[in-house]
Amino acid sequence: MFKKAFATLSALTLIVGLSACSNETDSGSGTDSASPEPSSSTDTSAAETVYKITSDSVYAPFEFEESGSYVGIDIEILAKIAEIEGFKYEMTNPGFDAAIQAVAAGQADGVIAGMSITEPRKDTYDFSDPYYNAGITIGMKKGSEGSVTAYGDLKDKKIGAKIATTSESWCEENKATYGFAECVGFEDGVPMYDSLENGGIDALLDDSPIIGYAISQGRELVMPIDSIEAVAGLGFAVKRGENADLLTKFNSGLAKIKADGSYLEILKKYNAESGAVD
Ligand code: ASN
């Protein structure tokens with residue numbers, strides 16, 4: 001159903017998509033695949049490493065498919081950094097849980113997936129400097145929100161959240177407090193938003209820029225609760241203790257794209273400057 005919303009994308013956004021594609025080509029990356037099987041980085045020659053990077057599957061405006069290619073903030077930031085720092089990578093988009101697990105298992109070198117930098121995750125991952133600030137909120141089908149304005153109004157409701165995300169942890173931690181009937185886990189964003197649409201769940205938890213972007217693309221959603229939870233920086237991550245060189249390159253490139261203005265340009269293309277970090 002996300003794809004349906006994306007069909008309404010403006011011409012401007014389509015141009016953004018095209019420029020993101022060319023960036024990827026420039027950096028020697030962009031082997032997108034819907035069902036990837038990441039493996040560890042390989043030396044294609046004596047001198048050249050091609051890093052395996054994983055990402056979420058549908059997480060607009062950070063990563064989403066358009067005309068057969070992945071576009072979005074994460075895609076463009078990584079492409080630009082790789083270009084500046086002179087490294088090559090291949091990206092796969094297996095979904096958030098699979099993406100972070102591949103890195104934890106050493107099957108991929110790094111993950112960029114709108115991943116919140118949290119204390120528990122630091123046991124498993126080393127994070128870059130934050131490249132965005134985001135937190136979670138409730139999304140409901142437009143017209144179904146009734147008088148919901150606070151979490152307590154969702155008593156006995158089924159709340160969807162993507163597996164292994166901060167939304168899922170927050171739902172489980174607060175289920176008893178607010179009396180949610182159930183936190184329903186989804187592998188992927190598409191079935192979660194579809195389930196909201198067809199009444200399988202009453203509400204969903206997701207990062208607010210994601211719900212906001214879906215609304216801006218014409219999706220029939222509302223964010224009835226005026227508060228954002230679990231606000232955190234989003235970071236690129238590698239397995240703890242591994243790939244320190246890749247992390248250093250990411251941080252170095254991030255500082256450069258912040259300084260030369262291209263970081264803000266990328267956010268502006270997706271109307272996402274509100275979460276910019278200094
Ligand atoms: N922000 C979410 C998390 O870190 C990531 C996502 O849903 N792609 O758990």
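We count ligands from 1, going down the list as the structure has it; atoms in each ligand are counted the same way. The basis for the numbers below is simple: all heavy atoms, side chains too, and nothing from hydrogens, waters or symmetry mates.
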Practice prompt. Heavy-atom contacts with S116 under 4.0 Å: which atoms of ligand 1 show up? List them by number with element.
Written response: 1 (N), 3 (C), 4 (O)

Practice prompt. Among D97, D56, D207, find the residue that satisfies the side-chain hydrogen bond (donor to acceptor under 3.5 Å, both in side chains) test when tested with K162.
Written response: D56

Discussion item. Do the side chains of E182 and K157 get close enough for a salt bridge, i.e. N-O under 4.0 angstrom?
Written reply: no

Fill in: N or O pair under 3.5 Å between S167 and ligand 1
no

Practice prompt. If you have a sec, work out which protein heavy atom is nearest atom 2 (C) of ligand 1 and how many Å separate them, to one decimal?
Written response: D207 OD2, 3.4 Å

Worksheet, complete the sentence: re atom 8 (N) of ligand 1, the protein heavy-atom contact at minimum distance is D56 OD2, 2.8 Å

Item to complete: Say whether E168 and ligand 1 are in contact under the criterion: heavy-atom distance to a ligand atom below 4.0 Å.
Response: no

Discussion item. Can you tell me how the ring of F62 sits relative to the ring of Y132, calling it parallel under 30°, perpendicular over 60° and tilted otherwise?
Written reply: perpendicular

Discussion item. Taking 4.0 Å as the limit for heavy-atom contacts, which would you say applies to E63 with ligand 1: side chain only, backbone only, both, or neither?
Written reply: neither

Discussion item. Using a 3.5 Å cut-off on N or O atoms only, is T165 in polar contact with ligand 1?
Written reply: no

Worksheet item: How does A113 reach ligand 1, if at all, at less than 4.0 Å between non-hydrogen atoms: by side chain, backbone, both, or neither?
Response: backbone

Discussion item. Measuring centre to centre across the rings, with the benzene-like ring taken for any Trp, is Y51 within less than 6.0 Å of F87?
Written reply: yes

Item to complete: Determine, for E85 against K256, whether the closest basic-nitrogen to carboxylate-oxygen distance falls under 4.0 angstrom.
Response: yes

Discussion item. Any heavy-atom pair between the side chains of I136 and E168 that's under 4.5 Å?
Written reply: no

Worksheet item: Quick one: which ligand 1 atoms are inside 4.0 Å of a heavy atom on M115?
Response: 4 (O)

Worksheet item: If Ile, Leu, Val, Met, Phe, Trp and Tyr residues are connected whenever their side-chain heavy atoms lie under 4.5 Å apart, and connections chain through other members, are V222 and I215 in the same group?
Response: no

Practice prompt. Do me a favour and list the nearest non-hydrogen protein atom to atom 7 (O) of ligand 1 with residue, atom name and distance?
Written response: K162 NZ, 3.0 Å

